Colleague: 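Here it is, the structure, as structure tokens.
Nothing fancy with the numbering, it's 1 onward along the sequence. These figures come from a predicted structure and were not determined experimentally.
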Amino acid sequence: MPATQSYLYGYTFTGTPGDTITIDTQIGQSGGTFILSDTRDGNDADDQTNIDDHISLSRGNFGGDYDYVVRGLTSDGGVIVQASGGVGAMYVYSDVLYTGGETLTSDTSTPYTFCFGPGSAIATPSGPVAVETLVPGDRVQTAEGQEVPVLWVGRQTLRQRFSDVGLVRLCKGALGNGLPLRDLMVTSDHALLIDGLLVQAGALVNGDSIVAVPRSQLPQTLTVYHVETPDHEVILAEGAPCETFIDAAGRRAFDNYAEYAALVGPDRIVPEHPATRIASARLLPQDLRDRLGIAEEDAVLSA
């Protein structure tokens with residue numbers, strides 16, 4: 001079956017997808033939820049709904065089956081679609097009730113997001129704390145034992161049917177020496193410092209102690225978090241050395257980008273950590289692959 005997602009409300013809006021948009025008028029105030037279904041058009045052979053995919057849209061008791069195209073995602077977890085096969089008017093569908101005049105950031109590139117899953121314990125001078133409880137000004141501990149301040153904690157809501165972000169679970173002890181201390185879930189492009197290399201989690205999947213999390217096993221929505229510090233650091237998550245935010249993905253994809261702009265100011269370039277970055281299993285040193293039981297082939301993270 002193609003991917004299907006329902007939304008409670010529909011709106012017209014002003015602005016351009018990929019930038020800030022302003023909610024205008026609610027549409028279809030009665031008649032049931034809006035149901036969007038992936039049609040698996042000629043350019044889309046899978047069941048995952050992505051930007052520029054064609055979808056059908058039906059409406060509760062009124063039925064209907066209309067050709068729309070996904071044009072973006074909104075910071076409230078909603079979706080922007082364009083009618084008439086991608087040449088007509090655009091609308092926002094969301095589970096949030098708006099009265100009009102609210103502004104939202106939107107994303108048209110579905111960039112990778114390098115993030116921690118909720119509950120991940122981050123080392124601080126006073127002990128481990130859950131990533132989602134950190135606030136700007138808190139201090140976290142680096143793998144080298146230094147203390148650095150938190151500039152911002154970005155959060156992004158992922159929708160099961162409208163996200164390209166893959167998630168990886170590292171089971172307790174999967175990296176050796178008892179690390180991580182508990183199961184740790186990160187996005188597939190989030191790197192860990194191993195043997196002096198920044199290795200993205202997707203390259204570590206071995207199908208046993210380090211696994212790609214199937215989207216079908218995730219809730220309809222999941223919020224992930226990333227910690228930004230003044231420099232690109234390696235901090236401890238469940239005791240494992242993990243990178244802080246690096247601005248390759250862009251902060252505008254996060255739900256609380258406006259908070260960043262108010263706290264820090266215009267987007268800044270983060271100095272990159274000097275360690276070599278490894279994005280593919282085939283680029284890992286053989287001894288590391290052998291030690292962690294990793295095959296040369298890259299894992300599929302979209303199941």
Side-chain angles (χ1 to χ4, degrees), residues 18 105 107 109-117 120 122-124 131 134-156 158 164-168 170 175 179-180 184-205 210 224-257 259-261 263-285 288-289 292 294 298-299 301:
T105 56
D107 164 37
S109 60
T110 57
Y112 290 105
T113 308
F114 315 151
C115 299
F116 296 106
S120 300
I122 307 298
T124 75
V131 63
L134 289 172
V135 296
D138 285 350
R139 301 188 75 81
V140 293
Q141 192 170 345
T142 71
E144 293 79 22
Q146 298 175 327
E147 297 178 19
V148 295
V150 173
L151 286 184
W152 180 61
V153 179
R155 64 178 185 272
Q156 185 181 33
L158 308 178
D164 272 340
V165 179
L167 293 170
V168 173
L170 295 91
L175 300 176
L179 300 178
L184 173 66
M185 186 166 68
V186 298
T187 49
S188 60
D189 279 1
H190 196 133
L192 295 88
L193 187 66
I194 304 174
D195 294 354
L197 302 170
L198 278 174
V199 184
Q200 293 181 184
L204 293 170
V205 169
I210 305 173
V224 293
Y225 303 84
H226 213 313
V227 179
E228 182 168 347
T229 54
D231 294 311
H232 185 208
E233 302 279 6
V234 175
I235 60 175
L236 300 174
E238 302 297 350
C242 297
E243 68 177 340
T244 57
F245 179 79
I246 184 68
D247 54 335
R251 300 174 186 86
R252 293 177 184 270
F254 290 89
D255 300 355
N256 59 333
Y257 170 73
E259 176 188 297
Y260 173 87
L263 285 170
V264 184
D267 284 357
R268 68 189 189 96
I269 297 174
V270 180
E272 191 162 359
H273 194 282
T276 299
R277 191 177 194 92
I278 301 293
S280 174
R282 64 185 179 82
L283 299 177
L284 289 170
L288 179 56
R289 289 206 302 267
L292 298 183
I294 302 168
D298 291 328
L301 299 174

Colleague: If we only count heavy atoms from C-beta on, is the Leu175 to Leu192 side-chain gap below 4.5 Å?
Modeller: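 Of all side-chain heavy-atom pairs linking Leu192 with Leu175, at least one is under 4.5 Å.
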
Colleague: I'd like to check Leu292 versus Leu204 (side-chain heavy atoms, cut-off strictly below 4.5 Å). Are they in contact?
Modeller: yes

Colleague: With a 4.5 Å cut-off on side-chain heavy atoms, are Glu243 and Glu272 touching?
Modeller: no

Colleague: Which of these passes ring-ring contact (aromatic ring centres under 6.0 Å, His included) with Trp152: Tyr225, Tyr257, Phe254?
Modeller: Phe254

Colleague: Counting C-beta onward and ignoring hydrogens, is there a side-chain heavy-atom pair between Leu236 and Cys242 closer than 4.5 Å?
Modeller: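 With C-beta onward as the side chain, the pair stays apart.
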
Colleague: The test is side chain to side chain contact (heavy atoms under 4.5 Å, CB included); show your working for Leu134 and Thr124 and say whether it passes.
Modeller: CA-CA 10 Å; Leu134 289 172; Thr124 75; 4.3 Å; yes

Colleague: Quick one: pull up CZ in Phe116 and CD1 in Ile122 and give me the separation to the nearest 0.5 Å.
Modeller: 4.0 Å

Colleague: Would you call Pro285 and Asp195 a side-chain contact if the rule is heavy atoms closer than 4.5 Å?
Modeller: no

Colleague: Quick check: closest heavy atoms across Ala237 and Leu184, and the distance to 0.1 Å?
Modeller: O-CD2, 3.8 Å

Colleague: Answer yes or no: is there a side-chain heavy-atom contact under 4.5 Å between Val135 and Val150?
Modeller: no

Colleague: Main chain of Val131, side chain of Ser120: is a donor-acceptor contact present, judged purely on distance under 3.5 Å?
Modeller: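 Not a single qualifying donor-acceptor pair exists.
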
Colleague: Does the Thr187 side chain pair with the main chain of Asp189, one donor and one acceptor, at a distance under 3.5 Å?
Modeller: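 No.
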
Colleague: Tell me the closest heavy-atom pair linking Val270 and Ile246, and the distance in Å.
Modeller: O-CD1, 3.6 Å

Colleague: Under 3.5 Å, is there a donor-acceptor pair between the side chain of His232 and the main chain of His273?
Modeller: yes

Colleague: Between Thr229 and Val227, does the side chain to side chain contact (heavy atoms under 4.5 Å, CB included) criterion hold? Intermediate values first, please.
Modeller: CA-CA 7 Å; Thr229 54; Val227 179; 4.3 Å; yes

Colleague: Apply the test side chain to side chain contact (heavy atoms under 4.5 Å, CB included) to residues Leu170 and Val168: give CA-CA distance (whole Å), side-chain angles for both, the deciding distance (0.1 Å), then the verdict.
Modeller: CA-CA 7 Å; Leu170 295 91; Val168 173; 4.2 Å; yes

Colleague: Decide whether Gln200 and His190 meet the rule of one side-chain donor and one side-chain acceptor closer than 3.5 Å.
Modeller: no

Colleague: Would you say Asp255 and Gln156 are linked by a side-chain donor-acceptor pair, where the criterion is simply a distance under 3.5 Å?
Modeller: no

Colleague: How close do Ala191 and Arg277 get, heavy atom to heavy atom, and via which atoms?
Modeller: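 Reported closest heavy-atom pair: CB-NH2, 3.8 Å.
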
Colleague: Please examine the side chains of Asp138 and Val153, heavy atoms only from C-beta on, and report whether any two atoms are closer than 4.5 Å.
Modeller: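 No - every pair of side-chain heavy atoms lies 4.5 Å or more apart.
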
Colleague: Taking salt bridge (Lys or Arg N to Asp or Glu O under 4.0 Å) as the test, write out the residues that go with Glu228, two or more places apart.
Modeller: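 Expected list: Arg251, Arg268.
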
Colleague: Could you report the tightest heavy-atom contact between Leu288 and Ile194, atom names first, then the distance?
Modeller: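 Here Leu288 and Ile194 meet closest at CD1-CG2, 3.7 Å.
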
Colleague: Can you find a heavy atom in the side chain of Pro149 that is under 4.5 Å from one in the side chain of Arg139?
Modeller: yes

Colleague: Considering non-hydrogen atoms only, spot the tightest contact between Ile294 and Val205 and give its length.
Modeller: CG2-O, 3.8 Å

Colleague: Of all heavy-atom pairs between Gly154 and Asn256, which one has the smallest distance, and what is that distance?
Modeller: CA-OD1, 3.6 Å

Colleague: As an exercise, state the distance from CD1 of Ile235 to CG of Leu193, rounded to the nearest 0.5 Å.
Modeller: 12.5 Å

Colleague: Please evaluate residues Asp247 and Ile269 with respect to the criterion side chain to side chain contact (heavy atoms under 4.5 Å, CB included), reporting the C-alpha separation (whole Å), side-chain torsions for both, the decisive distance (0.1 Å), and the verdict.
Modeller: CA-CA 7 Å; Asp247 54 335; Ile269 297 174; 4.0 Å; yes

